[in-house]
Each structure stands twice: as structure tokens, then as C-alpha cells.
Asks: 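Shown below is the structure under consideration.
Every heavy atom of this structure was used, including side-chain atoms; hydrogens, water molecules and symmetry mates were not. The first residue of the sequence shown is numbered 1, and numbering continues consecutively from there.
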Amino acid sequence: MTTTADLHTLTGAYALHALPDQERAAFEEHLADCAACADEVAELTAAAARLGLAVAAPPHPR
């Protein structure tokens, strides 16, 4: 079973949809009552979306 302290470390994995079903469900239950985690998930989700829009550019020839 995941402890509350462990749940605070799952924000990044949750934002990237990388949690197994059981951990996701436990985290979502925790998320409903933890404003700090909710804020962090929102920030990480936005950052992941921005990274997804990044375009690779070839290096300058020099």
C-alpha cells in the first residue's frame, strides 16, 4: 500500500500518465484533498505539454 508521504512523490508520474491503475486511483483520492499536489500536477502537466510542442532544430553548421 502506498503511504501519504509516498503519494507526494507521484505528481510527475501522474502528470505524464505513467502510474499503474492502483497507484493512479490512490493518488487521485489524495489529489482531491491536497492543494499542493494539485498545483504541482497542473504545473507539470503544462510543462509536459510545452515540451511536446518543442521543435528540434538542426545545429548551426559551424
Side-chain angles (χ1 to χ4, degrees):
M1 178 111 193
T2 306
T3 66
T4 300
D6 293 338
L7 290 171
H8 290 282
T9 66
L10 298 179
T11 55
Y14 181 80
L16 297 175
H17 307 282
L19 291 177
D21 291 340
Q22 186 176 10
E23 281 186 320
R24 180 188 47 75
F27 184 76
E28 286 176 345
E29 187 175 316
H30 166 77
L31 194 60
D33 294 322
C34 184
C37 283
D39 289 344
E40 189 169 349
V41 166
E43 291 171 7
L44 291 170
T45 300
R50 286 191 304 276
L51 287 170
L53 296 174
V55 176
H60 192 275
R62 291 196 261 171

Asks: Measure the shortest side-chain to side-chain distance between Y14 and T45 over non-hydrogen atoms and say whether it is less than 4.5 angstrom.
Replies: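 They are not in contact (no side-chain heavy atoms under 4.5 Å apart), so the answer is no.
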
Asks: Quick one: pull up CZ in F27 and NE2 in H8 and give me the separation to the nearest 0.5 Å.
Replies: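 Reported to 0.5 Å precision, the distance equals 8.5 Å.
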
Asks: Considering all heavy atoms of both residues, which atom of A13 and which atom of L19 are nearest to each other, and what is their separation?
Replies: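 Taking every non-hydrogen atom into account, CB-CD2, 3.6 Å.
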
Asks: Taking salt bridge (Lys or Arg N to Asp or Glu O under 4.0 Å) as the cut-off, I'd like each qualifying pair that reaches into residues 35-52, sequence neighbours left out, listed once.
Replies: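 Not a single pair qualifies under salt bridge (Lys or Arg N to Asp or Glu O under 4.0 Å).
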
Asks: Grab the two heavy atoms, one from L31 and one from C37, that are nearest each other, plus how far apart they are.
Replies: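 Closest heavy-atom pair between L31 and C37: CD1-C, 3.6 Å.
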
Asks: Under the rule for side chain to side chain contact (heavy atoms under 4.5 Å, CB included), what residues qualify as partners of A25, not counting sequence neighbours?
Replies: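 Scan of A25 (side chain to side chain contact (heavy atoms under 4.5 Å, CB included), adjacent residues dropped) gives none.
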
Asks: Please, which pairs that meet salt bridge (Lys or Arg N to Asp or Glu O under 4.0 Å) have at least one residue in residues 27-37, sequence neighbours excluded?
Replies: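 Checked against salt bridge (Lys or Arg N to Asp or Glu O under 4.0 Å) - neighbours excluded - the pairs reaching residues 27-37 are R24-E28.
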
Asks: Give me the atom names and distance for the closest heavy-atom approach of A15 to V41.
Replies: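 Between these two residues, the closest heavy atoms are CB-O, 4.2 Å.
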
